[in-house]
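Some notes on the structure that comes next.
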Amino acid sequence: MTQLIVENVSKGFPNGEQSLTVLQEASLQLAAGDSLAIVGPSGSGKTTLLQIIGALDRPDSGTVQLDGEDPFSLSENDLAAWRNQRIGFVFQDHHLLPQLTVMENVLVPTLAGHSSGDASQARATELLNAVGLDQRCDHLPGQLSGGERERVAIARALLMKPKLILADEPTGNLDRRTATAVTEVLQQLQREQQAILICVTHSDSLADAMDQKLELLDGKLHAAT
Ligand code: ADP
């Protein structure tokens, strides 16, 4: 069973002559099918922690292991491929490419690898159906609402059947009703695929929808209610 183990992760950033400590020995452990909300004040290090878990940034000390593999032991090239195969990212501002259609955006993760065209196309169609956008495959992102764009980003994040989905404020720019619908889609797909889902959020309703909640305070993770 997939396991994510984050152990004693610390991280600081240069801050003038000194260093700003953002994470201090943060640890967590999750298994396939688990969902976790990370909450905490602005600037508490939530995005930094998510980036380290997603191997987009390196910790100063501590380890991250997904299924016993330490991504930071890989070369930069291998790391990019490793990330593409195992991790789906969903960002607040969706990061869709404006000149590509909805379908092309969902297929972007296949550009880096050797996935079969037909199988990927079928999977993209299935996911666009699941997020309710099967009628919008040929639209450009600019022709969609904010909630629809976020759904495209979710479909794209799930294309490679990631073991781990990392979402940074996925409902941050959405009104309440749209946010609820997007949360439901994200969670339904995560459960179907038994992926691990970690959401960084300020939204109580998104945080409450997750199985577990941790608060980042003073660089450490605390149980949150
Ligand atoms: P949150 O997501 O909880 O709002 P962040 O992880 O974005 O917090 O940021 C935590 C702290 O680290 C902030 O004070 C931020 O300014 C600082 N920080 C984040 N990334 C960098 C960076 N690349 N260089 C310098 N400081 C950074």
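Read the numbers this way: they start at 1 and go in the same order the structure lists the ligands and their atoms.
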Taking the basic N atoms (NZ, or NE/NH1/NH2) and the acidic carboxylate oxygens, is any pair closer than 4.0 Å for Arg58 and Glu76?
yes
Would you call Lys213 and Asp208 a salt bridge, using N to O less than 4.0 angstrom?
yes
Rounded distance [0.5 Å steps], CD1 in Ile165 versus CD1 in Ile87:
11.0 Å
First locate atom CZ of Arg149, then atom CG of Asp93, and finally report the distance between them rounded to the nearest 0.5 Å.
10.5 Å
Backbone of Leu100 reached by a side-chain donor or acceptor of Asn105 within 3.5 Å:
yes
Are the side chain of Asp211 and the backbone N or O of Asp34 linked by a donor-acceptor pair below 3.5 Å?
no
Heavy-atom contacts with ligand 1 below 4.0 Å: which residues, ordered by chain and residue number?
Phe13, Leu20, Val22, Pro41, Ser42, Gly43, Ser44, Gly45, Lys46, Thr47, Thr48
